[in-house]
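Data block below; observations after.
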Amino acid sequence: MKKEITKFQKRVYVATKKIPRGRVATYAALARFIGKPKASRAVGNALSVNPFSPQVPCHRVVKSDGEVGGFAFGTERKIALLRKEGIKVENGRIKDFRSAIVNLR
DNA sequence: GTCGTGACTAGCC
DNA sequence: CGGCTAGCCACGA
């Protein structure tokens, strides 16, 4: 049985994997990184079906506003994971969001 | 081949 | 500052 994931999804997973521990990236940043700055929505879709949940730090991906965004296992779960990594989250928003963002490139 | 949906973003009031 | 609308992309039915 194969995974049969599309190339787009693969790119999203690879980009997400590049996010170091203790830092976060926005959907727009990932979309930009893969060459589709306006595919932020598609990026979220790809992560939602992410077959590499523990392999890919999908919980390190947040919205552009600093909001945690969504998570396939529940937003609260995502927040808990982020806090474990050292990222402070308050009321569903990243604390020091601007500093927590990583520049993939 | 067409339609609808979603872990989004930016702009406008 | 807060809420709403439109735009954009990929995927499944």
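Atoms considered below: every heavy atom in the structure, side chains included; atoms not considered: hydrogens, waters and symmetry mates. Letters go in sequence order (proteins before strands), and every chain restarts at 1. Only a predicted model underlies this, so the values are computations on that prediction, with no experimental measurement involved.
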## Note on the structure
DNA chain C in dot-bracket form (Watson-Crick or G-U pairs under 3.5 Å, [ ] crossing, | inter-strand) is .||||||.|||||
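- Counting any heavy atom pair closer than 4.0 Å across all strands shown, Tyr27(A) reaches a base atom.
- Contact annotation for Ala42(A): base contact, defined as any heavy-atom pair under 4.0 Å involving a base atom.
- Side-chain contact between Ile34(A) and Val43(A) is present, with heavy atoms from C-beta onward closer than 4.5 Å.
- Here Arg11(A) contributes atom CZ and Thr6(A) contributes atom OG1; the two are 9.0 Å apart, rounded to the nearest 0.5 Å.
- Residues Ala15(A) and Leu104(A) share a closest heavy-atom pair of O-CD2, 4.0 Å.
- Within residues 54-65 of chain A, the residues that place at least one heavy atom under 4.0 Å from DNA chain B are, in residue-number order, Cys58(A), Lys63(A), Ser64(A).
- Two residues are said to be in side-chain contact when any heavy atoms from C-beta on lie closer than 4.5 Å; Glu85(A) and His59(A) meet this criterion.
- Of all nucleotides in DNA chain B, those with any atom nearer than 4.0 Å to a heavy atom of chain A start and finish, going 5' to 3', at dG6(B) to dA10(B).
- Sorted by first and then second residue, the salt bridge (Lys or Arg N to Asp or Glu O under 4.0 Å) pairs involving residues 40-53 of chain A (not counting sequence neighbours) form an empty list.
- Looking at which nucleotide of DNA chain C each of Asn45(A) and Arg41(A) is closest to, the 5′-most match is held by Arg41(A).
- Across all strands, Thr75(A) comes closer than 4.0 Å to no nucleic acid atom at all (heavy-atom distances).
- Between Tyr27(A) and Ser64(A), the closest side-chain pair of non-hydrogen atoms is not below 4.5 Å.
- Residue Pro57(A) comes nearest to Lys17(A) through the heavy atom pair CD-CA, 3.8 Å, listed as atom of the first residue, atom of the second, then distance.
- Bracketed by its first and final contacts, the part of DNA chain C lying under 4.0 Å from non-hydrogen atoms of chain A reaches from dG7(C) to dC11(C) in 5' to 3' order.
- Side-chain contacts under 4.5 Å among hydrophobic residues (ILVMFWY), followed directly or transitively, place Val62(A) together with Val24(A), Val68(A), Ile79(A), Leu82(A), Ile87(A), Val89(A), Ile94(A), Phe97(A), Ile101(A).
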### Residue pair Phe73(A), Ser53(A): steps toward the side-chain contact (heavy atoms from CB on, under 4.5 Å) verdict
CA-CA 10 Å; Phe73(A) 289 84; Ser53(A) 351; 4.3 Å; yes
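- At a threshold of 4.5 Å between non-hydrogen side-chain atoms, the residues Glu76(A) and Phe71(A) do not count as touching.
- Considering every non-hydrogen atom in both Asn50(A) and Tyr13(A), the closest pair reads CA-OH, 3.4 Å.
- The minimum heavy-atom distance between Gly70(A) and Thr75(A), with the atom names listed, is CA-OG1, 4.1 Å.
- Looking only at distances, a side-chain donor or acceptor of Arg60(A) sits under 3.5 Å from a matching main-chain atom of Ile19(A).
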